[in-house]
Structures are given as C-alpha cells and as structure tokens.
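Only one structure is covered here, and it is reproduced in the block below.
So that the names make sense, note that chain A is the first sequence line, chain B the second, and so on, each numbered from 1.
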There are 2 protein chains.
Amino acid sequence: MSVQPQRAARPTLEDVAERAGVSRATASRVLNSSPRVSPEAHEAVTAAVLELGYTPNHAARSLVTRRTDAVAVVFSEPEPKIFDDPHFGQLIRAAARALSSADVQMVLMLVHSPDDQARAERFLAGGHVDGALLFAPHKGDQLPSIARKLPLPVVYAGRPWGPLRGLHLVDNDNIGGSVLATEHLMSLGRKRIVSVTGTVDEFSSIDRVEGWRTAVGADEAMTELMTESGNFNRDGGKLAMAALLKRVPDLDAVFVASDLMAAGALDALREAGRRVPEDVAVVGFDDHPLIAPHTEPPLTTIKQDANEQVAHMVAHLLRLLRDEPVRARREVLPTILVRRQST
Amino acid sequence: MSVQPQRAARPTLEDVAERAGVSRATASRVLNSSPRVSPEAHEAVTAAVLELGYTPNHAARSLVTRRTDAVAVVFSEPEPKIFDDPHFGQLIRAAARALSSADVQMVLMLVHSPDDQARAERFLAGGHVDGALLFAPHKGDQLPSIARKLPLPVVYAGRPWGPLRGLHLVDNDNIGGSVLATEHLMSLGRKRIVSVTGTVDEFSSIDRVEGWRTAVGADEAMTELMTESGNFNRDGGKLAMAALLKRVPDLDAVFVASDLMAAGALDALREAGRRVPEDVAVVGFDDHPLIAPHTEPPLTTIKQDANEQVAHMVAHLLRLLRDEPVRARREVLPTILVRRQST
DNA sequence: AGACCCTGTGGGAGCGCTCCCGTGGACGGG
DNA sequence: CCCGTCCACGGGAGCGCTCCCACAGGGTCT
C-alpha cells in the first residue's frame with residue numbers, strides 16, 4: 001500500500017557511485033583498480049566506500065565474471081582413520097593461511113563415502129570454485145580420475161595413482177628422505193638394517209621402501225625378508241617390529257616409515273629387551289611434533305614440511321588461475337634428517 | 001563478424017526449460033521442489049536436467065535469494081600453537097561432515113593475527129556466508145564482540161568471554177566432567193587430590209578447576225596450594241606436577257585438566273619415583289585417542305565428544321538459518337569417565 | 001447458471017555487478 | 001585554426017536465477 005523508505009539494506013555500487021558523484025561504471029573501475037581513472041574520481045569513490053561501509057556483492061560479481069574467488073581443498077580418504085592423523089591438521093592450517101592471505105575463500109571438503117564422492121564431483125563440476133587442491137593418496141580412489149576430467153585447475157598433493165600426464169603436483173622427496181635415513185644408519189656402522197613400511201596403497205609408502213631398498217642394495221628376496229608393513233598405525237608398527245625381530249634376530253637398525261609406527265616399534269623393542277640406540281638404532285619419518293620428541297628415547301626422523309608443501313601447492317594453483325606460466329608441472333620438495341637420541 | 005554457434009557453455013535454466021517444454025519459472029519450481037507443479041512437468045524437467053547435465057548457477061541464485069548456502073567455521077587462536085592440537089583436526093572433520101551432509105559449503109577461516117581478524121570481520125560482514133561457527137575460547141579475543149554486532153547467526157563453541165546474553169552456544173560439561181573425575185578419585189579412597197590446571201584465559205580450564213574445587217571442597221587458600229597451571233602443554237604438565245610434588249609431598253591423586261598435560265605429569269611422577277596408580281592415581285581430560293590409551297600406564301580420563309559438540313553446533317545453526325525455533329540458546333553436553341590403568 | 005476458489009503455468013522484472021561501446025573534451029601537430 | 005588522437009567517463013545490456021503477478025481452466029458451492 002504505502003511506500004516504505006527501506007533503509008538499512010546493504011549499500012550497492014550504485015549508492016557508492018551516487019555519493020561519489022560518478023557513474024556506476026567508474027566506481028566499478030576504481031574497485032577493480034583499472035588504470036583509466038582520474039585521481040579525483042579514485043579518491044571520491046574510495047571515500048564513499050569507506051563512509052557507506054560498502055562491500056561488493058560477491059554473488060553479483062561472480063555472476064558476470066564467472067569467477068568465484070574460492071578454491072576447494074579436498075581430502076579423500078576411503079576409510080576414515082579412527083585416530084585422527086595430526087598431519088591432516090597441519091595441512092589444513094597451512095592451506096588456510098596460504099589461501100586467505102591471497103584473499104581466496106577456502107572451501108573444505110572431506111570425502112569418505114561414495115556419497116561424499118558424488119557430492120564432491122557435483123560440487124567441483126558445478127562451478128562453485130575456481131580450482132582445487134586434492135589430497136588423494138590411496139590406490140583405487142576414483143576422485144583423481146574424476147577430477148582430471150573436470151575443466152578445473154587441480155593441484156595434487158603427492159603422486160596420485162593413475163597416469164600422471166598433464167597433472168600438476170607437489171610431492172615430498174620420500175625416496176630421498178628414506179635414502180637419507182638409511183645412509184645415516186649405515187654411516188653409524190649398522191649392518192643389518194630392516195624397515196617397517198606403510199601401506200602398499202600409497203606412493204609415499206612405496207617410495208619410502210624404495211629409498212631403503214636402493215640404499216641397502218636389497219634384491220627382492222632380501223626385501224621380502226627384511227621389511228614388514230605396519231599399516232601406518234601404532235599397533236601395526238609394534239607388530240611389524242616384533243615380526244622382524246623374530247625373522248631377523250641379528251638386526252641392528254630399523255627405518256620406520258612413519259613416526260607413529262616408530263613409536264610402536266620402540267614399544268616392541270623395549271618388550272624384546274633390545275636397547276635403543278645401543279642394540280638397535282631407529283629412524284622414523286615425518287618429524288611429528290607430538291610424537292618424535294616424546295618417544296623413549298626421542299626419535300631421529302626425517303622431516304617433511306607440510307607447510308612448505310601446501311604453500312607450494314597454493315602458489316602453483318594461483319599461478320594456474322591467473323594463467324601465469326608455471327615452472328614445472330611437478331615439484332618435489334626436499335626432506336631432511338632430524339637427529340635425536342634413537343640413533 | 002560472423003555469428004558463432006557458441007556451444008559447450010554450461011546449460012542454463014532456460015535451456016532446461018526449453019528442452020522440457022516448459023517455462024523457466026516452472027523449471028525453477030521443480031528445482032526448488034515447490035509443491036505447485038504437475039507430475040508431468042516435474043518429470044520432464046528432471047529428465048532435461050539429467051540429459052543436459054545441468055547444475056544451477058550458484059552466484060545467480062545467491063544474487064536473488066540473498067542466501068549463500070555457505071557457513072564460515074572460524075578458529076580464533078591469538079597465539080597459533082606451534083604443536084598442532086589434534087583436537088582441532090577432530091573439530092574440523094566433524095564440522096565438514098555435518099555441514100556437507102546438509103549441502104552447505106564450509107568456508108574455513110583460521111584467525112591468528114590482527115590482520116586475519118580484520119579479514120575475518122570483512123568477510124563475515126560482507127555477506128559471503130549465511131552464518132558462522134565460532135571457536136574463540138581465549139580471553140581478550142576481540143572476535144566474539146565483533147561477531148555479536150554482525151547481522152549474522154553465530155553459534156559459539158564453549159563459552160566465549162564477555163556477556164553471554166543472546167548468544168547461541170554449545171558447551172561441554174567441563175564442570176560436571178571434573179567433578180566426575182575428582183569424585184572417582186575420592187571413591188578410590190584418595191585423600192590428597194591435587195590438580196594440574198590449564199590456562200586461566202579459557203573457560204574450559206576455569207570450569208575444570210571449579211569442578212575439582214567443589215568436589216574436594218577447597219577454599220581459596222587450599223586451591224592456591226593444591227593446584228598449578230600446566231598451560232595446556234606437555235612440558236607444562238610435567239613442571240606443574242613436579243611443583244605440586246614439592247608443595248604437597250603426601251599427595252595421592254591428581255586431576256589433570258588435559259591428556260597432553262597428564263602425559264607430562266606422568267613423566268614427572270615417574271622421575272620422582274612415584275608409582276601410578278599405586279602411589280598416585282591420575283585422571284586426565286579429553287580422552288585424546290593419540291595420547292590417553294598410549295601413556296604409561298594408559299590414562300583414565302574424561303571424554304568430551306568433539307563430534308557431538310560440532311554436530312550440535314551445526315544443527316543449531318541450521319535451525320537458526322531456517323528460522324526454526326531452537327530449544328535453548330545454550331546447550332551443555334555431558335562428559336563421561338573413561339577408566340584405564342592410571343587409577 | 002453464475003460466482004467463486006484453487007491449481008498449474010508463463011511473462012517479466014530485477015537482484016548487483018562488469019564490460020562493451022559511444023561520447024565529449026583536452027591536447028598536439030600540420 | 002582545424003582535424004585527429006587519446007583519455008576519462010556514462011549509458012546500457014546482460015550474466016542466470018527467483019518470485020510476483022496475471023491468467024486460463026476445471027471444479028464446487030450457492
């Protein structure tokens with residue numbers, strides 16, 4: 001019936017333009033820092049923005065630019081680990097930091113079930129984000145092959161399964177790290193170096209066996225004898241170590257493919273009455289802050305820097321989004337040895 | 001010059017409507033499951049959507065509905081912890097699960113610096129999300145007072161500092177849990193029960209002291225004597241326990257306000273030659289899966305369910321977003337005792 | 001039989017923004 | 001002095017969607 005004045009609505013670009021005494025087009029130019037704007041107009045618009053507390057309507061902008069200024073961060077983990085991997089928290093933290101300082105929204109997706117996967121596919125295909133960071137290390141995970149069909153820039157963490165052609169990825173030097181670990185043990189004069197390995201469905205694990213194998217120069221039979229999988233968990237590490245002790249009674253060193261498993265391995269060694277590092281030297285992998293410094297004895301381990309990896313992934317993706325050239329599709333980050341008392 | 005056919009663009013609702021032989025309005029009704037649609041139209045539109053692989057343009061929809069179908073999850077932590085708290089990972093996981101199953105995008109924000117805070121404020125005020133979950137336990141954190149001025153539904157994790165009037169929050173029963181812990185120790189016949197507390201700038205910590213205090217019936221002087229802060233980290237827990245052993249040599253039990261500190265406390269007790277649980281019984285708090293079962297001896301502790309808390313927060317927020325009534329502004333979730341070998 | 005409602009549908013406006021294109025004025029060179 | 005060039009700026013279309021409103025058609029009630 002009666003015409004209401006309607007205030008308190010968020011100011012639009014139109015309001016800003018009016019207040020600044022310019023057209024909407026010019027105001028828009030200022031907001032997008034176009035060069036073709038006079039200093040006066042620039043100042044007037046900037047002032048109006050401040051006075052009105054104007055914030056651009058993201059949806060409207062997105063509608064016409066066809067950009068979203070959002071990036072998906074996808075963790076695909078077929079069987080959700082019951083005990084949360086704290087590495088995960090580090091990765092998320094790093095991603096949040098790197099993306100938000102680039103003023104890009106981070107949309108987090110955790111994919112476990114086929115349901116989740118379908119949802120993720122719909123979401124990524126739906127144009128809700130400009131690009132994605134994909135953490136999908138496990139063999140048989142469909143998500144990488146789904147993702148590579150999408151018209152969407154994707155940067156992978158580590159090597160996914162399947163063909164690598166055309167993929168952009170940032171990996172840690174797992175092979176180099178495990179060579180480092182094993183050579184460290186050899187330099188200590190250790191002769192019988194066994195290894196507790198992770199799960200065979202992740203390249204990070206496969207690479208760590210490979211590093212050990214080349215360093216000690218093991219053939220297939222010897223590898224079979226001197227390695228045992230600990231499934232990347234603590235109890236698994238303990239069981240694997242116990243099995244190795246039985247199979248290779250004269251072992252004097254062990255390279256364990258994760259700190260968590262190494263903690264379990266230390267338990268097994270203690271129960272078997274072997275002293276660490278006197279009888280058996282132990283090297284882990286990860287340099288997990290919650291574990292490595294606190295085992296008994298504190299753990300010598302290989303540090304891989306989650307922050308660094310994610311920062312590289314984000315930088316890589318941002319370059320792709322801006323159509324800037326990338327140096328290489330695949331980056332491999334160095335790993336270093338952190339020495340503590342277990343060697 | 002010449003007119004290009006222009007294909008391969010994403011289909012619009014117009015395309016769907018045309019294919020289904022209905023108007024755009026009807027197609028829209030089907031997509032938004034309006035009741036006023038004939039079965040025939042419904043079927044035709046559904047088929048067309050499938051055939052064309054249509055996905056609604058989120059920006060366009062958001063522009064008119066003024067909803068974003070996104071929710072911010074904000075963690076505010078004035079001093080970013082160097083050692084990642086794994087509790088954090090659990091919370092994020094739970095939030096991701098709960099939100100994605102409601103088909104709401106989760107935008108994660110980690111706030112450390114004043115810079116981050118300003119960004120967060122701009123973001124939340126900018127209408128980029130429909131609501132927020134806010135984790136800001138620390139005293140002096142500005143974010144809660146900023147957030148409560150925003151015209152945006154916010155659900156808090158735990159009690160933030162400042163006035164609670166009008167706030168929506170989901171808290172764990174820290175007081176109840178610590179009463180439980182302390183009474184458990186008393187029921188074991190322990191007479192001199194001390195407590196290692198957290199930091200005084202978090203209510204969760206304050207409440208846990210309060211629970212201990214009421215259960216043992218301590219006055220101020222006794223509280224001063226028999227409690228010591230461990231700053232919620234492992235080394236702090238060890239130092240605090242050592243201090244308490246010196247101050248109260250005849251102590252026979254300790255309630256430690258976090259599992260991580262409890263691990264440190266166990267170290268201190270071991271070094272002091274006190275047996276656990278024979279000489280000193282120990283109860284922790286959190287039931288941290290990476291810590292509690294693996295201490296020496298395994299830790300009796302109070303379980304607070306992160307999944308449950310976040311699920312309640314999400315449900316609460318969704319109700320607010322849908323303008324549905326909420327039962328209570330404030331929910332307090334129960335905590336339970338998990339008994340292991342340290343008592 | 002006329003007046004009524006109720007249900008399914010389509011036309012069209014408009015959300016707030018960007019960007020194309022046209023215009024007017026300042027400026028420099030022939 | 002006039003014409004061409006260039007730069008700052010405004011008008012207006014249109015991105016893809018929702019929702020208001022009008023309307024046709026069939027049923028129900030007086």
Under 4.0 angstrom between [X] side-chain N/O and [N] OP1 or OP2:
X: B:Ser28; N: D:dT18; value: yes
X: B:Ser23; N: C:dG11; value: no
X: B:Ser38; N: C:dT9; value: yes
X: A:Arg66; N: D:dG16; value: yes

### Beyond-backbone contact of A:Asp69 with A:Val104, side-chain heavy atoms, under 4.5 angstrom
no
Side chain of [X] (C-beta onward), nearest among [options]:
X: A:Ala60; options: C:dC17, D:dG16, C:dC19; answer: C:dC17
X: A:Val37; options: C:dT18, D:dT18, D:dC9; answer: D:dC9
X: A:Thr12; options: D:dC9, C:dC17, D:dC19; answer: C:dC17
X: A:Val64; options: D:dC9, D:dC15, D:dT18; answer: D:dC15

Main chain of [Y], side chain of [X]: is a donor-acceptor contact present, judged purely on distance under 3.5 Å?
X: B:Glu121; Y: B:Ile146; result: no
X: B:Asp141; Y: B:Ala136; result: no
X: A:Arg148; Y: A:Arg165; result: yes

#### Entry: Listed partners of A:Arg122 passing salt bridge (Lys or Arg N to Asp or Glu O under 4.0 Å), at least two apart
none
Using whole Å, report how far [atom1] of [X] lies from [atom2] of [N].
X: A:Arg36; N: C:dC19; atom1: CZ; atom2: C1'; result: 14 Å
X: B:His42; N: C:dT9; atom1: NE2; atom2: P; result: 12 Å
X: A:Glu43; N: D:dA8; atom1: CD; atom2: P; result: 16 Å
X: A:Arg61; N: D:dG16; atom1: CZ; atom2: P; result: 18 Å
X: A:Glu14; N: C:dG14; atom1: CD; atom2: P; result: 13 Å
X: A:Leu63; N: D:dT18; atom1: CG; atom2: P; result: 12 Å
X: A:Asn57; N: D:dC17; atom1: CG; atom2: C1'; result: 13 Å
X: B:Arg67; N: D:dC17; atom1: CZ; atom2: P; result: 14 Å

### Message
Looking at the base of C:dG12, is there any donor atom on it, or on the side chain of B:Arg24, that sits under 3.5 Å from an acceptor on the other one?
### Response
yes
Pick out the pairs of N or O atoms, protein on one side and nucleotides 21-25 of chain D on the other, that lie under 3.5 Å.
none

### Message
Looking at every heavy atom in both A:Ile92 and A:Leu108, which two are closest together, and how far apart are they?
### Response
CD1-CD2, 3.9 Å
### Message
For a quick check of understanding: with a heavy-atom distance under 4.0 Å over all strands, which category does A:Ala59 fall into, base, sugar-phosphate or nothing?
### Response
nothing
### Query
Should the pair B:Arg93 and B:Phe88 be classed as cation-pi, given the thresholds of under 6.0 Å to the six-membered ring centre and 45° from the axis?
no
### Message
For B:Glu51, is the CD atom crowded, meaning more than 12 foreign heavy atoms sit under 6.0 Å from it?
### Response
yes
### Query
Hey, which of these two, A:Ala25 or A:Pro35, hits DNA chain D nearer its 5' end, going by closest nucleotide?
A:Pro35
